[in-house]
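Numbering of residues begins at 1 and proceeds along the displayed sequence. Model, not experiment: these values are computed from the prediction. Only this structure's heavy atoms are used, side chains among them; waters, hydrogens and symmetry mates stay out.
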Amino acid sequence: MSVVEQYVRAHILTDEDLPEEDDGGAIPVVLRYDPDHDPRSVCVALPGRGRSSAPREWRFARDLLEQGMRAPAGSGEVRVWPCGRVQAVVEFHSAQGCSVVQFETKALFRFLRRTHATAAEPVPH
């Protein structure tokens, strides 16, 4: 099966997580689904804080992202909830603190549709 990788723009809502060059606008975030690695999880990669910093990644259940698009949902270090009709918020907790990221729901739904289409691909013989 093929990997689904989608680049989206999102807003970081926690000040300490803003990249140094950020002017308060949207930043690039990578959404990834690799059914060969784990068909039940997705990965969200946020850019590092400085030019030389590596991206920070969180892997969590795809079902959690789907549930959080409709109503508040959470498990472990990840929480997801709808924010009005056109946005959703994902909150990531770690030992370093909390990162709160706001996405357009349209982008998240498109990503989820692509993951389901990929998971349904027939296995070649």
Side-chain angles (χ1 to χ4, degrees):
M1 289 188 243
S2 57
V3 173
V4 173
E5 191 167 271
Q6 182 172 317
Y7 294 82
V8 299
R9 309 271 308 155
H11 290 274
I12 303 288
L13 303 178
T14 43
D15 290 342
E16 68 271 5
D17 290 320
L18 292 174
E20 291 172 4
E21 62 275 2
D22 186 67
D23 61 0
I27 60 157
V29 175
V30 180
L31 306 174
R32 188 176 307 113
Y33 172 71
D34 184 349
D36 292 330
H37 177 74
D38 182 355
R40 290 177 285 203
S41 70
V42 294
C43 179
V44 175
L46 301 177
R49 292 187 189 153
R51 295 193 192 282
S52 61
S53 295
R56 294 168 293 145
E57 294 188 354
W58 283 270
R59 183 168 297 281
F60 58 96
R62 180 173 61 172
D63 289 347
L64 173 62
L65 182 58
E66 291 172 331
Q67 292 167 7
M69 301 287 286
R70 294 183 301 279
S75 176
E77 58 189 28
V78 180
R79 308 276 185 268
V80 183
W81 65 89
C83 182
R85 287 199 234 170
V86 297
Q87 296 175 328
V89 173
V90 182
E91 185 177 277
F92 302 102
H93 294 267
S94 70
Q96 291 75 36
C98 177
S99 297
V100 181
V101 185
Q102 187 174 45
F103 293 90
E104 287 189 19
T105 54
K106 190 179 351 179
L108 294 177
F109 279 128
R110 183 176 31 232
F111 172 70
L112 288 169
R113 273 195 307 274
R114 291 178 63 207
T115 68
H116 285 288
T118 298
E121 287 179 355
V123 176
H125 291 70

### Task
State plainly whether one hydrophobic cluster holds both V8 and F111, where clusters connect Ile, Leu, Val, Met, Phe, Trp and Tyr through side-chain heavy atoms under 4.5 angstrom apart.
yes
### Steps toward side chain to side chain contact (heavy atoms under 4.5 Å, CB included) verdict (C98, E91)
CA-CA 7 Å; C98 177; E91 185 177 277; 3.4 Å; yes
### Query
For R40, what residues pass the side chain to side chain contact (heavy atoms under 4.5 Å, CB included) criterion, not counting sequence neighbours?
D38
### Query
Counting only N and O atoms by type, is there a donor-acceptor contact under 3.5 Å from the side chain of Q6 to the main-chain atoms of L108?
no
### Heavy-atom closest contact (T118 atom, S2 atom, distance)
CG2-O, 2.9 Å
### Task
Could you list the residues that satisfy side-chain hydrogen bond (donor to acceptor under 3.5 Å, both in side chains) with R62, not counting sequence neighbours?
T115
### Message
With a 4.5 Å cut-off on side-chain heavy-atom distances among I, L, V, M, F, W and Y, is there a chain of contacts connecting F109 to V78?
### Response
yes
### Query
Residues in side chain to side chain contact (heavy atoms under 4.5 Å, CB included) with S75, at least two apart?
L64
### Query
Does the side chain to side chain contact (heavy atoms under 4.5 Å, CB included) test come out yes or no for Y33 and V3, once each step is laid out?
CA-CA 6 Å; Y33 172 71; V3 173; over 6 Å; no
### Query
Should Y7 and V42 be regarded as members of a common hydrophobic cluster, given that ILVMFWY residues are connected when their side-chain heavy atoms come within less than 4.5 Å of each other, either directly or indirectly?
no
#### Entry: Pairs satisfying salt bridge (Lys or Arg N to Asp or Glu O under 4.0 Å), at least one member in residues 2-12, at least two apart
E5-R32
### Summary
So OG of S94 and CD of E77: to nearest 0.5 Å the spacing works out to 7.0 Å
### Query
Between V29 and V44, is a side chain to side chain contact (heavy atoms under 4.5 Å, CB included) present by the stated rule, with each step listed?
CA-CA 7 Å; V29 175; V44 175; 3.7 Å; yes
### Task
Go through I12 and L46 one step at a time and tell me if the side chain to side chain contact (heavy atoms under 4.5 Å, CB included) criterion holds.
CA-CA 9 Å; I12 303 288; L46 301 177; 4.2 Å; yes
### H37 side, atom NE2; C43 side, atom SG - distance, nearest 0.5 Å
8.5 Å
### Task
Only pairs at least two apart or in different chains count here, so list each side chain to side chain donor-acceptor pair (under 3.5 Å) that has a residue in residues 100-113.
Q87-Q102
### Query
Which residues satisfy the side-chain hydrogen bond (donor to acceptor under 3.5 Å, both in side chains) test with R70, sequence neighbours excluded?
none
#### Entry: Taking every non-hydrogen atom, the tightest pair across A26 and H11
N-CE1, 3.5 Å
### Task
Output yes when a side-chain donor or acceptor of R85 lies under 3.5 Å from a complementary backbone atom of P82, and no otherwise.
no
### Task
Sequence neighbours left out, what pairs pass ring-ring contact (aromatic ring centres under 6.0 Å, His included) with at least one residue falling in residues 57-101?
W58-F92
#### Entry: same_hphob_cluster(V30, F103) at 4.5 Å side-chain heavy-atom cutoff
no
### Task
Would you give the length of the straight line joining atom CG of L65 to atom OG of S41, rounded to the nearest 0.5 angstrom?
11.5 Å
### Exercise: identify the closest heavy-atom pair between P47 and P28
CD-O, 3.3 Å
